[in-house]
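Fair warning: this is a prediction, and the values are worked out from it, not measured in the lab.
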Amino acid sequence: MKERVGIIIVSDTRWADMKDIKSKLHRVKLLDLIATELDGEPVIMFFVNSNEADFNLTIGALELKYKTRGIYDI
């Protein structure tokens with residue numbers, strides 16, 4: 001499978017949750033992360049490189065605990 005770049009956006013979280021979040025990113029290669037606000041809500045955006053299956057598994061694992069959105073193949 002071809003690897004592509006995607007964005008994982010995690011909302012409603014704190015920096016204290018970062019260790020738990022990063023442990024769920026083991027299937028994807030982390031390229032960069034940005035902490036910012038979108039529509040007045042603090043978010044952490046992870047830029048990752050992975051295939052589509054691993055990307056979707058990672059999104060699913062994060063959605064169990066955090067408000068998560070993902071955009072694959074940007």
With the 4.5 Å side-chain cut-off for hydrophobic clustering, are [X] and [Y] part of the same group?
X	Y	value
L31	I71	yes
V48	I9	no
L64	L57	no
L25	I34	no

Which heavy-atom pair separates [X] from [Y] by the least distance, and what is that distance?
X	Y	value
D73	R4	OD2-NH1, 2.8 Å
T13	D17	OG1-OD2, 3.0 Å
Y72	K2	OH-O, 3.5 Å
T58	K24	CG2-O, 3.6 Å
G70	I59	CA-CD1, 3.7 Å

Item checked: Among I8, I7, V10, the one residue meeting side-chain contact (heavy atoms from CB on, under 4.5 Å) with M45 ->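 Single pass found, and it is I7.
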Margin query: Treating N56 as the side-chain partner and E52 as the backbone partner, does any N or O pair qualify as donor plus acceptor under 3.5 Å?
Written below: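 At least one qualifying donor-acceptor pair exists.
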Next item on the list: Indicate yes or no for a side-chain donor-acceptor contact from N51 to the backbone of A53 under 3.5 Å, with no hydrogens or angles considered.
Entry: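 Yes, N51 side chain to A53 backbone: donor-acceptor pair under 3.5 Å.
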Check: Taking atom CG of L33 and atom CD1 of I21, what is their separation to the nearest 0.5 Å?
Finding: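 Interatomic distance, L33 CG to I21 CD1, rounded to 0.5 Å: 10.0 Å.
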Notebook entry, point to check: How long is the gap from OG on S50 to CZ on R27, to the nearest 0.5 Å?
Noted result: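 Here the interatomic distance stands at 10.5 Å.
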Next item on the list: Given side-chain hydrogen bond (donor to acceptor under 3.5 Å, both in side chains), test Y66 with D20 step by step and report yes or no.
Entry: CA-CA 11 Å; Y66 306 102; D20 180 49; 2.6 Å; yes
